[in-house]
Amino acid sequence: MQPHVTDRVASSLDGFRIEVPSWGFANTGTRFGKFLQPAAAATIDEKFADAAQVHALTGICPTVALHVSWDFERGLDSAAAVAQLAHRHGVAPGSVNPNLFQDQIYKFGSFGNPDAHVRSRAVRHVVDSVQIAGRLHSRDVALWFADGSNYPGTANIRMRRTWFEEGMRAAHSALARDQRLLVEYKPFEPAFYHTDIADWGMALPLARAAGPQARVLVDTGHHYLSQNIEQIVAWLLAEGMLGGFHFNDRRYADDDLTLGSIDPYQIFRIFHEILFFEHETGTRADVAYMIDQSHNLKGKIEAMIQTVTVAQELYAKAALVDHRRLAVAQAASGLVDAESLLQDAFSTDVRPAIREWRTARGLPIDPLQAFRDSGYLERITAERAGRSAAATTSYA
Ligand code: RM4
Ligand code: MN
Ligand code: MN
């Protein structure tokens, strides 16, 4: 391995962290059912314990994203206990995600519900979530809405947009100075005709209407198939409005498959746009990298380790693009040269350099193998198998 490759990989990885989701360790399913795993985490204690394994083996996942209704049994009153548990396991609470999509009152929407009473309940839940985040010293509150409608003519699209603006402003006004509101979009599901925040063209003005501490969150699974996600990323960066990512992969819709399993070049291109932006502006993009996956069939902790190590590899590959030569090739419309710079970086095997990076930091060179050798899975399988297999705090 050439020394400059090893150095570039090492320095890029020193700055790369990725957040794991608490719900990625729990039993989740599809709308057709759930295949239960005896080792799945059912409590926040178990979720932190599993997340801590991923962090101990990879060294790059110090924070855990939380979903308010699944992880805080008594809402704000649980915040102190949750913070303590995280601390005990050696991880920290990360982004806080309100649940605005499951309660019966949200059948016809939350921020967009025609019933003012429901809208204010939804806003109150977000304000509570902001307070929970404050107690946990979490910076980001990430909003995803299931709001939408299934049939033409059944919802007043413009009115709902106004209600969304009102809700966003109210939520934003609860933020402390160092907190952020992240606005996520998704084209469809569970709504099948219109979704109130269907794409970045809707999330962006809503984030702006919310206030100066709001940004857009890009979930890689929330786009139509041929959409150019890295262009959206580049535009949001240029607008100063990219707040973070929910990483996952998919073949068809919001499949929540492990990262890079279907299209690793897509993720590489996203990382490239961010790193190119950082090179050109001389600034660090203030972007939260988070995973949002649901592992129905793969072992949950293995799937998480797989995703984290793939994210690390793709980020390292993107860091190998020679930005100066790229700028020269682009300016001269040297198409083949420019494209080749990306392709050469993408096809470089960065794994030896990553192994060196891990060794230098006292981490196992192969986190997945180290997990298999640790006996952790066997231990939790035995410990957790006894309790109710249906016990769960997540969707489906
Ligand atoms: C949604 C969306 C949200 C996540 C929920 C569980 O599809 O991606 O970010 O919180 O799933
Ligand atoms: Mn998401
Ligand atoms: Mn999703």
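Count residues from 1 along the sequence. In this text the structure is predicted, and so the values were computed from the model without any measurement. We count ligands from 1, going down the list as the structure has it; atoms in each ligand are counted the same way.
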In F145, F108, W144, the residue satisfying ring pair (Phe, Tyr, Trp, His ring centres under 6.0 Å) with F101 is W144

Mark yes or no: K317 above the aromatic ring of F346, with NZ or CZ under 6.0 Å from the six-membered ring centre and no more than 45 degrees from the axis.
yes

Is the closest heavy atom of E189 to ligand 1 under 4.0 Å?
no

Could you tell me, atom by atom, which parts of ligand 1 come under 4.0 Å of a heavy atom of H222?
2 (C), 7 (O), 8 (O)

Pairing of D254 and K186 as salt bridge, 4.0 angstrom limit
yes

Going by the order shown, which atoms of ligand 1 are within less than 4.0 Å of some heavy atom of H67?
4 (C), 6 (C), 10 (O)

Closest N/O/S atom of H246 to the Mn ion (ligand 2), by atom name?
ND1

Cut-off 3.5 Å, side chains only: do D140 and S138 have a donor facing an acceptor?
no

Ligand 1 to D219, heavy atom cutoff 4.0 Å, flagged ligand atoms 8 (O)

Check: F276 ring centroid to F271 ring centroid under 6.0 Å:
no

With distance as the sole criterion, is a donor-acceptor pair present between the side chains of D14 and W357 under 3.5 Å?
yes

Closest approach to the Mn ion (ligand 2) by E184, given as the N, O or S atom name:
OE2

Can you find an N or O of W23 that's nearer than 3.5 Å to an N or O of ligand 1?
no

Closest to the Mn ion (ligand 2), among the N/O/S atoms of D219, is atom OD2

Does H246, backbone or side chain, put an N or O under 3.5 Å from an N or O of ligand 1?
yes

Donor-acceptor pair between Q293 and H295 side chains, under 3.5 angstrom
yes

Atoms of ligand 1 close to D254 [distance to a heavy atom under 4.0 angstrom, numbered from 1]
7 (O)

Which of the atoms in ligand 1, numbered in the order shown and given with their element, are less than 4.0 Å from a heavy-atom of K186?
7 (O)

Is it true that R379 and E383 have a side-chain N and a carboxylate O under 4.0 angstrom from each other?
yes

Between D254 atom OD2 and H222 atom NE2, the angle centred on the Mn ion (ligand 3) rounds (to 10°) to 90°

Can you confirm if the aromatic rings of F268 and Y265 lie within a centre distance of less than 6.0 Å?
yes

Just give me the atom name: the N, O or S atom of D292 closest to the Mn ion (ligand 2).
OD2

